[in-house]
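Below: the structure, in structure tokens.
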Amino acid sequence: MNWTTIWSQAAAPSFAMGMLQGKKKTVVFPVGSPVSGKRIRLRFSNIYGKKPYVIGAVTVRAKGQPVPISCGGKKAFTIPTGGHTFSDPIDLPVSAGDTLEIRLFYASKARDSNMTLEEAVAYPGDHTADETLPEVKKESYKQQYNLYDAIVSLDRVEVESEERSKLIVAFGDSITAMNRWVKPLQKRLFECFGGKYALLNAGIGGNCLLYQVPGFMGSSYGEKGVARFERDVLSFDNLHTVILALGVNDVAYYTRKTEQTISFDAYTEAIQGLTKALKDRGIRVVMQTLTPREGFVKKGYTPEMEALRVKINTWIRDCGQFDYVFDADQLLRDKRNPSWVDERYHQGDHLHPNTMGGERMAEAYDLAALTGEEL
């Protein structure tokens, strides 16, 4: 038997240094499984916390039946600093295509965080064992900025399966982390291949490939891609394909002050380095072009930034170094004004794909080119 990762997220320091996380909350969210198995386990992260934190209770529901998760035989357990901690393997029959409901109650504040599931909902108090969840209204600032409730501390869900899935990891920024193209692409892969492939999300909102964003909010954008690549991508067993989708934030920080860090040469050299590391391990490399971002901010996006984005995209299309180039730029841009996303495909901010834009991306993926397998 083998452990297959069916859900994951990359950890970053919590939003606004933890100010908006809070403790004594239960986060509830769904996870789909492409594989069948009889046991599950969860992995918790405490990379960025300065002290241990306590998980008060966890339940996983399959077919409506709640099963408590333990760690070291305890239903409430402490996650130490400095790395990752697996729960105990728990008996829970799972069929391919099932959706699991996970409920996590935090007894204390955790600092490792991400916002990857729009369906995640945080409730005050412990609701891990409730049959019916209370109504909760999304805070106005989350509605205004299209923010999700974060799934704090948890970074992997695994099923013990007879056949282990080949893993495809999407390594990106918020366009990836928001899951609007990743989730429908997961669905297409399952419909075509069953559990042979599992697509995982390693996106972090605000993340850059080369640039470490400074300041109060910068830490929540995660470590730059070249620094987190080994932990968030290469650490997976049975890794088959990696989708590289970072860079659209880098170009927005390109100025005379940052040009020693952010430049065409620096970007292409970094991507070539990641590509070599993957190919040396026999892993397929898919490269996405950088989508338009004109209009995302009222001021500050300069012609020099746009020229860098265009130059990078030309190189991605023409360099011939990747197993597959997915041209997200050409797919989403306004044909009459190619520095802008088509109005039909963004969520109102001229950058992030809406549901239609995400589904357009997922449908455009050539599954044979993505997997290297003839259909």
Does the side chain of H346 reach to within under 4.5 Å of the side chain of N354, using non-hydrogen atoms? no
Are I243 and W181 packed together at the side-chain level, in the sense that at least one heavy-atom pair is separated by less than 4.5 angstrom? yes
Check the hydrophobic clustering (I, L, V, M, F, W, Y; side-chain heavy atoms under 4.5 Å; chains of links allowed) and say if L154 and L117 are grouped together. yes
Are the charged groups of K183 and E118 less than 4.0 angstrom apart, N to O? no
Look at the side chain of D112 and the backbone N and O of A11, then say whether any donor-acceptor pair between them is shorter than 3.5 Å. no
Would you call E373-K166 a salt bridge at under 4.0 Å N-O? no
Ring center gap for F171 and F229 short of 6.0 angstrom: yes
Does V182 offer a backbone N or O that forms a donor-acceptor pair with the side chain of N179 under 3.5 Å? no
If we ignore angles and hydrogens, is there a donor and acceptor under 3.5 Å between the side chains of Q347 and R180? yes
Would you compute the distance between atom OG of S263 and atom NZ of K311 and round it to the nearest 0.5 angstrom? 9.0 Å
R317 vs D329, test: salt bridge (Lys or Arg N to Asp or Glu O under 4.0 Å). Steps then yes/no. CA-CA 11 Å; R317 295 182 184 108; D329 170 49; 2.7 Å; yes
Heavy atoms of A245 and T176 approach each other most closely as CB-OG1, 3.9 Å
Rounded at 0.5 Å granularity, tell me how far CD1 in I175 sits from CD in Q288. 8.5 Å
Closest non-hydrogen atom pair, L167 against D237: CD1-O, 3.3 Å
Do side-chain atoms of T99 reach the backbone of P30 as a donor and acceptor pair under 3.5 angstrom? no
If we ignore angles and hydrogens, is there a donor and acceptor under 3.5 Å between the side chains of D126 and T128? yes
Hey, are the side chains of I168 and L189 touching, using non-hydrogen atoms and a 4.5 Å cut-off? yes
If we ignore hydrogens and angles and just use 3.5 Å, is the side chain of N238 paired with the main-chain N or O of S165 as donor and acceptor? yes
Do S33 and D98 pair up side chain to side chain, a donor and an acceptor below 3.5 Å, judged on atom types alone? no
Going by atom types only, do Q321 and T275 share a side-chain donor-acceptor pair under 3.5 Å? no
Donor-acceptor contact below 3.5 Å, side chain T302 vs main chain M305: yes
When rounded to the nearest 0.5 Å, the distance separating CZ of F105 from CD1 of I55 is 9.5 Å
Less than 4.5 Å apart, side chain to side chain, heavy atoms only: is that true for E304 and L308? no
With rounding to the nearest 0.5 Å, note down the distance linking NE2 in H84 to CG in N46. 9.5 Å
Measure from NZ or CZ of R111 to the centre of the six-membered ring of Y48 and say whether it is under 6.0 Å with the direction within 45° of the ring axis. no
For the side chain of R333 and the backbone of P292, is there at least one donor-acceptor N/O pair under 3.5 Å apart? no
Is there a side-chain contact between I79 and S153, using heavy atoms and a 4.5 Å cut-off? no
With salt bridge (Lys or Arg N to Asp or Glu O under 4.0 Å) as the test, would you mind laying out the steps for E259 and R256 before giving the verdict? CA-CA 5 Å; E259 63 183 357; R256 289 185 178 179; over 6 Å; no
What pair of heavy atoms forms the shortest contact from L92 to A62, and how long is it? CD1-CB, 4.0 Å
D342 side chain vs D334 backbone, donor-acceptor pair below 3.5 Å: no
Can a cation-pi geometry be assigned to R103 and Y123, taking NZ or CZ under 6.0 Å from the six-membered ring centre and within 45° of the ring axis? no
Any side-chain heavy-atom pair from I90 and V60 closer than 4.5 angstrom? no
Any side-chain to backbone donor/acceptor pair from Y345 onto R360? Under 3.5 Å, distance only. no
With the threshold set at 4.0 Å, does a side-chain nitrogen-carboxylate oxygen contact exist between R39 and E160? yes
If I compare all heavy atoms of A328 with all of M361, which pair ends up nearest, and what's the gap? CB-CE, 4.1 Å
Contact summary for Y253 and T258, nearest pair of heavy atoms: O-OG1, 2.6 Å
Test your reading of the model: is there a side-chain donor-acceptor pair from K335 to the backbone of Q330, 3.5 Å cut-off? yes
Give the minimum heavy-atom separation between S14 and S113, together with the two atoms involved. CA-CB, 3.5 Å
Hey, what do you get for CG (L274) to CD (E230), rounding to the nearest 0.5 Å? 11.5 Å
Heavy atoms, side chains only, cut-off 4.5 Å: are K196 and T371 in contact? no
Consider only side-chain heavy atoms of I, L, V, M, F, W and Y, link residues closer than 4.5 Å, and tell whether V325 and V169 are in one cluster. yes
For Y254, check ring pair (Phe, Tyr, Trp, His ring centres under 6.0 Å) against everything at least two apart and list the hits. none
When the side chains of residues 208-218 are checked against the rest of the protein, which donor-acceptor pairs come out under 3.5 Å, sequence neighbours left out?
from	atom 1	to	atom 2	distance (Å)
Q212	OE1	K224	N	2.8
Q212	NE2	G222	O	2.9

Please check if the distance between the ring centroids of W7 and F29 is under 6.0 Å. yes
Rounded to the nearest 0.5 Å, what separates atom CD1 in I6 from atom CD in E158? 9.0 Å
Step through it carefully: locate the ring centre of F77, locate the ring centre of F44, and say whether they are under 6.0 Å apart. yes
Main chain of I312, side chain of Y267: is a donor-acceptor contact present, judged purely on distance under 3.5 Å? no
Heavy-atom side-chain contact between R284 and K279 under 4.5 Å: no
R188 bridged to E191 by N-O distance under 4.0 Å: no
Between the side chains of K25 and D149, is the shortest nitrogen-to-carboxylate-oxygen separation below 4.0 Å, so that they form an ion pair? no
Can the ring centroids of F296 and Y301 be said to lie less than 6.0 angstrom from one another? no
